[in-house]
Amino acid sequence: MTRLAQTEGLTDIQREILSTVRDFVDKEILPVATELEHRDEYPTQIVEGLKELGVFGLMIPEEYGGLGESLLTYALTVEEIARGWMSVSGIINTHFIVAYMLKQHGTQEQKDYFLPKMAAGEIRGAFSMSEPALGSDVSAISSKGVREGDEYVLNGQKMWLTNGGSSTLVAVLCRTDEGHPEGTAPHKSMTTFLVEKEAGFGEVRPGLTIPGKIDKMGYKGVDTTELIMDGLRIPADRVLGGESGRGFYHMMDGVEVGRVNVAARGCGVAQRAFELGVSYAQQRHTFGKPIAQHQAIQFKLAEMATKVEAAHAMMVNAARKKDSGQRNDLEAGMAKYLASEYCKEVVEDAFRIHGGYGFSKEYEIERLYREAPMLLIGEGTAEIQKMIIGRRLLEEYRIQG
């Protein structure tokens with residue numbers, strides 16, 4: 001284990017899980033990550049290995065075949081996986097959010113049907129909230145579900161769907177107006193639908209099309225797609241929780257824990273960038289000595305390590321707050337904001353330490369340099385996080401009278 005980013009107060013089981021995952025990352029992910037990333041190849045063998053380790057069921061209760069672990073355990077696991085290859089942690093994150101939403105808000109029938117299969121990795125989850133013209137304004141969604149007897153008919157186009165092709169269950173947010181009079185706040189007329197589909201691309205069930213993968217700067221390997229609904233019929237019993245109009249709250253609860261996950265990813269990528277930077281600085285020589293002996297590089301390493309430590313501490317705090325049952329949107333927003341910004345800065349400093357070689361695809365830091373920017377926008381931009389943080393601070397520090 002490294003000296004940085006240690007977590008106090010872990011149980012023996014938590015330490016054993018993290019040690020096992022770290023060993024898997026070192027042996028099965030790091031040696032192949034850059035090659036697979038350059039080919040934009042889905043990491044099938046890695047995913048199968050994580051299924052065997054039980055990672056897909058890490059937070060699913062034991063009664064449904066999962067490990068029943070805490071958000072903290074999950075976040076620390078994600079941190080380790082992202083240290084190896086951030087795309088793999090993204091594959092797990094969307095699955096985890098859907099499982100969490102089901103656990104927290106699903107009907108008993110929905111939990112009994114989906115959670116055991118999700119714990120085993122037989123059903124793989126994705127969630128779909130964003131749309132092409134939406135950005136961060138969730139209240140402006142235009143995808144719509146209209147009730148027809150015992151079914152809903154869904155129409156619309158969704159965007160930035162992680163695991164869009166490989167998933168077999170998608171939690172889709174749509175507008176549903178039944179029972180909501182004109183003038184109702186937009187967030188009270190949204191519903192989350194549990195859409196089952198075949199893995200793959202094209203028409204994956206009648207009325208549902210998953211176009212090919214979006215070609216991205218980084219975050220490769222994992223499939224990011226659109227989702228097009230054209231007369232998609234969904235049984236009414238596949239409304240999450242069995243009640244329409246609650247979708248916005250379901251999604252925000254899922255995104256809140258997802259922000260802890262993104263913070264954990266930022267911590268993992270930053271740790272790896274620091275490892276690469278501090279190692280290269282001791283191997284590269286200029287002016288007759290390793291560049292690590294130049295004060296300018298030591299200052300840079302000091303700043304990088306401090307940022308790794310600070311981001312990790314805030315991520316752990318946010319996870320523990322959620323695990324305690326308390327509201328954690330302030331802590332999750334702070335952790336996501338700080339970890340993603342620090343990750344970008346640590347990766348760039350490691351890139352600078354590598355000099356011209358950092359620009360070469362032969363060096364791992366080049367991959368990290370393309371991956372870090374996704375964390376700046378995933379699960380809400382920095383500006384959205386600051387809005388959340390600012391509003392919560394004003395609630396906490398409101399002047400009386």
Next on the checklist: Under 4.0 Å between a side-chain nitrogen and a carboxylate oxygen: does that hold for Glu243 and Arg246?
Outcome noted: no
Checklist entry - Any salt bridge between Arg83 and Glu275, counting N to O under 4.0 Å? => result yes
Checklist entry - If you measure from the Lys or Arg side-chain nitrogens to the Asp or Glu carboxylate oxygens, is any gap between Asp329 and Lys336 under 4.0 Å? => result no
Next on the checklist: Please check this pair: side chain of Thr191 against backbone of Gly245, looking for a donor-acceptor N/O pair closer than 3.5 Å.
Outcome noted: yes
Checklist entry - Going by the side chain to side chain donor-acceptor pair (under 3.5 Å) test, which pairs reach into residues 222-233, not counting sequence neighbours? => result Glu148-Arg233, Glu151-Arg233, Gln157-Glu226, Ser166-Asp223, Lys216-Thr224
Next on the checklist: Show every ring-ring contact (aromatic ring centres under 6.0 Å, His included) that has at least one partner inside residues 21-46, sequence neighbours left out.
Outcome noted: none
Checklist entry - Got a salt bridge between Glu37 and Arg370, using NZ or NE/NH1/NH2 to carboxylate O under 4.0 Å? => result yes
Checklist entry - Salt bridge or not for Glu371 and Lys344, using N-O below 4.0 Å? => result no
Next on the checklist: Any salt bridge linking Glu198 with Arg205? Criterion: basic side-chain nitrogen under 4.0 Å from a carboxylate oxygen.
Outcome noted: no
Checklist entry - In terms of heavy-atom contacts, does CD1 of Ile13 have more than 12 from other residues, nucleotides or ligands at under 6.0 Å? => result no
Next on the checklist: Closer than 4.0 angstrom, basic N to acidic O: yes or no for Glu331 and Arg320?
Outcome noted: no
Item to check | side chain to side chain donor-acceptor pair (under 3.5 Å) contacts touching residues 287-304 (sequence neighbours left out) | outcome: Thr286-His294
Next on the checklist: Under the salt bridge (Lys or Arg N to Asp or Glu O under 4.0 Å) definition, can you give me all pairs with a residue in residues 116-137, not counting sequence neighbours?
Outcome noted: Glu131-Lys158
Checklist entry - According to the salt bridge (Lys or Arg N to Asp or Glu O under 4.0 Å) rule, which pairs have a member within residues 44-68, sequence neighbours left out? => result Glu48-Lys51
Item to check | Carboxylate-amine/guanidinium proximity below 4.0 Å for Glu35 and Arg39 | outcome: yes
Residues 86-99 side chain polar contacts: donor-acceptor under 3.5 Å, at least two apart:
residue : atom : partner : partner atom : Å
Ser87   : OG   : Trp85   : NE1          : 3.3
Ser87   : OG   : Lys220  : N            : 3.4
Ser87   : OG   : Lys220  : O            : 2.5
Ser89   : OG   : Met86   : O            : 2.6
Asn93   : OD1  : Asn261  : ND2          : 3.0
Asn93   : ND2  : Glu379  : OE2          : 3.2
Thr94   : OG1  : Gly125  : O            : 3.4
Thr94   : OG1  : Asn163  : ND2          : 2.7
His95   : ND1  : Gly125  : N            : 3.1
His95   : NE2  : Phe56   : O            : 3.2
His95   : NE2  : Met118  : O            : 3.1

Checklist entry - So is Arg259 actually on top of Tyr337's ring, under 6.0 Å and inside 45° of the axis? => result no
Next on the checklist: Surrounding CD of Gln45 (heavy atoms of other residues, nucleotides or ligands, distance under 6.0 Å), is the total greater than 12?
Outcome noted: no
Checklist entry - Parallel, tilted or perpendicular: which fits the ring planes of Tyr363 and Tyr357, with parallel below 30° and perpendicular above 60°? => result tilted
